[in-house]
2 protein chains.
Amino acid sequence: MPSYTAPVDDMQFLLHEVLEVSRSDVPGYDELEPDFTRAVLEEAGKISSEVLAPLNMVGDREGCRLENGVVRTPTGFREAFEQMREGGWTALDCDPEYGGQGMPYILNTAVNEMFVSANMAFNMYQGLTHGAYSTIHAHGTDEQKRLFLPKMVTCEWGGTMNLTEPHCGTDLGLLRTRAEPQEDGSYKITGTKIFISAGDHDLTENVIHLVLARIPGAPAGTKGISLFIVPKIKVNEDGTLGERNGVSVGKLEEKMGIHGNSTCVMNYDGATGYLLGEENKGMRAMFTMMNEARMGVGLQGYAEAEAAYQNAVSYARERLQGRAVTGPANPEGPADPIIVHPDVRRSLMDQKSFIEAARALVYWGANLIDRGHKLGDKDAEGLISLITPVIKGFLTDRGFDMTVQAQQIYGGHGYIEETGMPQFVRDARITMIYEGANGIQALDLVGRKLAQDGGKHIMAFFEMVKGFIKENDGNEALKDDFLEPLKAASKDLQAAGMFFMQNGMQNPNAALAGSYDFMHLFGHTVLGLMWARMAKAAHEALEAGTGNADFYKSKITTGRYYMARHLPMTRTHLARIQSGADPVMSLPEDQF
Amino acid sequence: MPSYTAPVDDMQFLLHEVLEVSRSDVPGYDELEPDFTRAVLEEAGKISSEVLAPLNMVGDREGCRLENGVVRTPTGFREAFEQMREGGWTALDCDPEYGGQGMPYILNTAVNEMFVSANMAFNMYQGLTHGAYSTIHAHGTDEQKRLFLPKMVTCEWGGTMNLTEPHCGTDLGLLRTRAEPQEDGSYKITGTKIFISAGDHDLTENVIHLVLARIPGAPAGTKGISLFIVPKIKVNEDGTLGERNGVSVGKLEEKMGIHGNSTCVMNYDGATGYLLGEENKGMRAMFTMMNEARMGVGLQGYAEAEAAYQNAVSYARERLQGRAVTGPANPEGPADPIIVHPDVRRSLMDQKSFIEAARALVYWGANLIDRGHKLGDKDAEGLISLITPVIKGFLTDRGFDMTVQAQQIYGGHGYIEETGMPQFVRDARITMIYEGANGIQALDLVGRKLAQDGGKHIMAFFEMVKGFIKENDGNEALKDDFLEPLKAASKDLQAAGMFFMQNGMQNPNAALAGSYDFMHLFGHTVLGLMWARMAKAAHEALEAGTGNADFYKSKITTGRYYMARHLPMTRTHLARIQSGADPVMSLPEDQF
């Protein structure tokens, strides 16, 4: 069975040496002293290794069951969920006014990474609750907040998001679920929603569904969509549970992975719902949840890869097969461990160098979100808005590839379910699909985010890269291995943006045909920036002679690998983008 | 449920317009007139669509069962297998002396592609039998051939290959299975073999296992391994079945995919075996089977992608979501079919342009094999020996990626098992692993094949590319879109080879660290050559005004896509290779 150990040192390095959180001006960050964060991370790591990881394969094998209209989660999930609640892990960054601990989002992000690595399907129950909490917190009335938030902070009640219908996923303008206004100010919700993660389960006493629906007479398309709170069990004014609402599970989907999470068809049959936010402004409110979810899914991308990587490393150290080409490394044994073979190392380095930079990107993103929320920093908000589709799309594409590479290290054994390696691949596969399939992320990036606020945020990103390179101009330790490749990647990214500007106006397909490549080109460039920053911090620590020198040297070595072997992808992405719309669009449709 | 339609026109185009088989000097090719091959392919296509494809999901869902020591295949497999046998499909290219039809291997390859696309797990039963047939045919005594081949040609008896043991996969030198010589000239085989595809089943009355084992006193390592014929049920001298042999199924593996095929742990407990070929020359004999199997696995790589692609195209035509950025394409409907969106087309073109070139490569490879077998053409043998690891490694890596892309077209629906899309991905995943994991293919290519016969075969490949470019020098229709990109790719491949020559001697890790990238760089270059050849044939047909002009134009458009958007990968692979061993090898092992 696979195991998982939380990479606390790597996390501490990012928080304190790269992002220097405790020296930041973000309110609440002053609490994030190294000793404090280490204590929190070690405790979360312990639960991850000892409670959540052992249930990961159990969840996969047993899956969820629909019994008399109620979903039963796999063996052990209830007890583990109870433990998470009792430890306060569900409330870490929630508003103290509703019982939360008020910690910064960045700390929650690091903790969340561990829970995802240990058991992604399990963690989705509280992840979705957190998303629903945030949406009600941002858009709810005081009464709604008072009534729902305290129980969602503690995860006594769960939460979900209900967007998709059988005939509409990406194109929400087509949605048909109806919300009929009632005399008491509530609505009757009727319709069918599909792919509802954690749609029903036995971990909480109630489930609070956030449901997109259309009020009769509303404008067509997305401008006529409103958001509603629809509890599974109605809630009395005093907060106690009332009678069952008109919502039921139509079906439990049989999926490729994340079997431990219940993916439901939800039927709303005149269910009582309460308008959340303004009428016909449901999309805007839902985006609160969706942006949080997209960051979370990007995190899942590399967190699954981390878990798979750890096990691949163990296997590569133990499995004896063949001899090192430079002479036996284990002359007493029948063969050498396969980690001596260059191609095995190539694969492990691919994984390691991606995962560590992906983590840096997501923590930096969390830092930007904290800046936006707590300092009202508009530049930070603009930047994270730009980067969110890259985090979601690029990190999940590459994260999935890395789980496949980790599985590959096992040879034939990796194809056997018993080893747990297929599960990492099957589970990771969903991250490329849900919360907006990655093609939609690319469209969002190129079609919306690039030009947002007059292109201000992408310019800010380029300035940031340029600034870093200039600032470290005389740093010989960084120059060849980090600054030069970063400069080249950034130049490719700028050239791609220029191509879109010159061609996209007269032919939008010229930009959209290159959108997917642009997302990856951006992803590699920003991970290159992350490595340059990490290498700088590691060099500084080495010069100062603080801490574990081997750790810092490994950071630099791993970063050099990324720059030398991942970053050259930018040139291929640019060449594809510059080939324009014609190769993509010119085949007649009937010739596919 | 997914469906499959055999791409007969594409196959005919390759056989008759690109490879021009009926004009070839290979004995037997004169029979391959267009009308004849079309009749065979259409008949095989019918069985594939109507008999095999409908059983694909059945096989996945039911899997195999081990009942009282006997493996039961899924519902319908027995009847379908019977139909395959009765139609003579198992005997197509087998030796007429033993009941085969004596058709060229290239025709068998095209037919086999269909069977794999329709139902890969099912087709493995006869595929492995064919491999065992070939090995006995090449290395058996007359008596062994007389006794075993006729029943294997008709698939009344099945065949398997038994290499792997729990502690040894790639490194067969470690194997422990013993073969004790008996007075009657037979051997007693004792040991455990794992991952034995089609190891036992109820489709045939007997299973002929080919087993690698060590005779006491044999030299250590691979030089002391012999190959044995070990029937599940002993065969009397008159060919009738005798008593049960000492071989049994220890376990049926639970795998990520190919559930319809039985992957067994086989226990040999003093089983009677017969030496096949010479003592201690078992590895050489087994390579007959392995080379055939590697070609077959490369074929599986693109054949699975073809099946997934066909369904992705159907879905992209039917699913209505969003509007074309250039204006509604389906103004009467609620939305446009998603095939109008540039990124959906980008993905479909990725798939289509890869699959068609991969098919061309495998058919060309089959042609080289026929030349070797039937004309004794040593150059052809050398070339296919060089290209086999590329076919196996590159086509399965990229083929898997393409099944993932096809699944992605379905959005959330692609993650639901009911659509059949996850099965394509799960099944395709094994092709990167079995018959030598792809890292081993890369090692074989760079560590062995490049330098084989003094580097003669890679030089022949470069000459072939150069010759094609020169020969078509004045062809303006090919110049910019095909010849220039092919020239650039070939230059990158030569530069990579040069880097290995200059650095590999003093530091073998410098070559091996780049082996995987070299395999892909080679793969893209040779697919580029395939597209240049196909484009040339299509242009000639257009000029001659024969056939369906739309078909030929589509070939050229699809080829242009490959050259413009896949081929730029060569520059990234070269950059990675040229970064050398240092980034890959310099992290201390304890820092992973």
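Just so we're on the same page: letters track the sequence lines, and every chain starts at 1.
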Among [options], which residue has the highest count of heavy-atom pairs closer than 4.5 Å to chain B?
options	result
A:Arg345, A:Met349, A:Met432	A:Arg345
A:Asp350, A:Thr164, A:Asp343	A:Asp343
A:Ile339, A:Val313, A:Val340	A:Ile339
A:Gly412, A:Ala324, A:Ala437	A:Gly412
A:Gln578, A:Met421, A:Arg571	A:Arg571
A:Asn509, A:Asp590, A:Leu443	A:Asn509

Closest contact, heavy atoms only, B:Arg429 versus A:Val404: NH2-O, 2.9 Å
Nearest heavy atoms of B:Gly580 and B:Pro583, plus distance in Å: O-CD, 3.6 Å
Give, as side chain, backbone, both or neither, the part of [X] having an atom under 4.5 angstrom from any heavy atom of chain A.
X	result
B:Thr170	both
B:Leu348	both
B:Gln407	both
B:Tyr415	both
B:Val425	side chain
B:Lys255	both
B:Ser554	both
B:Asp517	side chain
B:Ile440	neither
B:Leu512	both
B:Arg426	both
B:Phe551	backbone
B:Ser579	side chain
B:His167	backbone

Lys/Arg N to Asp/Glu carboxylate O, [X] vs [Y], below 4.0 Å:
X	Y	value
B:Arg176	B:Glu165	no
B:Arg61	B:Glu418	no
A:Lys555	A:Asp10	yes

Atom CD of A:Gln591: over 12 foreign heavy atoms under 6.0 Å: yes
Value rounded to 0.5 Å, distance of CG in B:Asn438 from CZ in B:Phe400: 11.5 Å
Pick one of side chain, backbone, both or neither for [X], based on which atoms fall under 4.5 Å of a heavy atom in chain B.
X	answer
A:Leu174	side chain
A:Ser586	both
A:Ala564	both

Over 60° means perpendicular and under 30° means parallel, so tell me whether [X] and [Y] are parallel, tilted or perpendicular.
X	Y	value
B:His520	B:His573	tilted
A:Tyr562	A:His524	tilted
B:Phe195	A:His413	perpendicular

Ignoring hydrogens and angles, tell me if any N or O in the side chain of [X] forms a donor-acceptor pair with the backbone of [Y] under 3.5 Å.
X	Y	value
A:Arg565	B:Arg576	yes
A:Asp481	A:Arg560	no
A:Glu253	A:Val265	no
A:Gln351	A:Ser347	yes
B:Glu417	B:Pro422	no

Choice from B:Ser353, B:Ala511, B:Pro166 maximising heavy atom contacts with chain A below 4.5 Å: B:Pro166
Heavy-atom pair count under 4.5 Å with chain A, highest-scoring of B:Ile258, B:Ile416, B:Ile430, B:Val325: B:Ile430
